[in-house]
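Since the model is a prediction, treat every value here as computed from it, not as a measurement. Sequential numbering from 1 along the given sequence is applied to the chain's residues.
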Amino acid sequence: MWKTAFPDFNYKIDAVIGDGDRVASVGTISGTHLGEYDSNPASGRKFSVKTVDLLTLRDGKICEHRGLYEDTLLMKQLGL
């Protein structure tokens with residue numbers, strides 16, 4: 001869905017911290033709304049919002065992921 005709605009979608013990791021098998025990161029996602037997103041047609045607008053990701057690792061692989069992003073701010077930046 002993200003790559004269709006935002007073909008130039010970018011995820012930049014700003015900070016990472018880990019403790020044992022748990023990792024947390026703060027990042028920034030950005031892109032240009034050039035395709036349908038959440039049933040809304042392309043607006044041509046750009047967005048940039050912060051994310052927080054919490055991961056659990058097992059044998060060097062991600063086995064659990066929880067992620068949050070500023071969805072209200074994203075919608076506002078897209079004019080939705």
Side-chain angles (χ1 to χ4, degrees):
M1 171 180 81
W2 287 97
K3 280 302 218 178
T4 300
F6 313 102
D8 61 345
F9 181 84
N10 185 33
Y11 173 59
K12 178 182 164 252
I13 297 173
D14 301 320
V16 176
I17 189 167
D19 182 21
D21 63 351
R22 296 202 170 125
V23 177
S25 70
V26 175
T28 304
I29 57 173
S30 61
T32 309
H33 187 202
L34 300 176
E36 185 176 300
Y37 174 70
D38 199 27
S39 301
N40 295 289
S43 66
R45 292 178 153 196
K46 294 186 179 290
F47 80 94
S48 178
V49 297
K50 290 292 186 183
T51 68
V52 175
D53 292 283
L54 306 172
L55 308 170
T56 302
L57 307 175
R58 187 173 300 128
D59 298 323
K61 296 180 182 179
I62 298 170
C63 64
E64 185 177 345
H65 171 258
R66 300 264 193 259
L68 300 168
Y69 64 94
E70 298 175 301
D71 55 339
T72 303
L73 180 57
L74 180 141
M75 298 298 256
K76 183 177 180 180
Q77 289 178 16
L78 298 181
L80 305 175

Is the closest side-chain heavy-atom distance between Glu36 and Thr4 below 4.5 Å?
no

Can you name the nearest heavy-atom pair linking Thr28 to Ser48, along with the distance?
CG2-OG, 3.4 Å

Mind telling me whether Tyr37 and His33 have parallel, tilted or perpendicular rings, with 30° and 60° as the class edges?
perpendicular

I'd like to know if the side chain of Gln77 reaches the main chain of Arg45, judged simply by a donor and an acceptor atom lying under 3.5 Å from each other, with no hydrogens or angles considered.
no

Nearest atoms (heavy-atom pairs only) where Gly27 meets Asp14
C-OD2, 3.3 Å

What about Leu74 and Met1, same hydrophobic cluster or not, with Ile/Leu/Val/Met/Phe/Trp/Tyr joined at side-chain heavy-atom distances under 4.5 Å?
yes

NE2 of His65 to CG of Leu57, rounded to nearest 0.5 Å, is 11.5 Å

How many angstroms lie between atom CE of Met75 and atom CG of Asp38, to the nearest 0.5 angstrom?
5.0 Å

Spacing of Ser30 atom OG and Tyr11 atom OH [to the nearest 0.5 Å]
12.0 Å

Could you give the distance from OG1 (Thr56) to CD (Glu64), rounded to the nearest 0.5 Å?
4.0 Å

Mind checking whether Lys50 and Tyr69 have side chains closer than 4.5 Å, heavy atoms only?
no

Hey, any chance Val52 and Val49 share a hydrophobic cluster, counting ILVMFWY side chains that come within less than 4.5 Å of each other, even indirectly?
no

Looking at side-chain heavy atoms only, is the closest gap between Trp2 and Ile29 below 4.5 Å?
yes

To the nearest 0.5 Å, atom NZ of Lys12 lies from atom OG1 of Thr51 at 10.5 Å

Leu80 atom CG, over 12 foreign heavy atoms within 6.0 Å
yes

Exactly one candidate in Leu73, Leu78, Thr32 meets side-chain contact (heavy atoms from CB on, under 4.5 Å) with Phe47; the answer is Leu78

Closest heavy-atom pair and its distance - Ser25, Ile13:
CB-CG2, 4.4 Å

Counting only heavy atoms not in Asp19 (residues, nucleotides, ligands), do more than 12 fall under 6.0 Å from its CG?
no

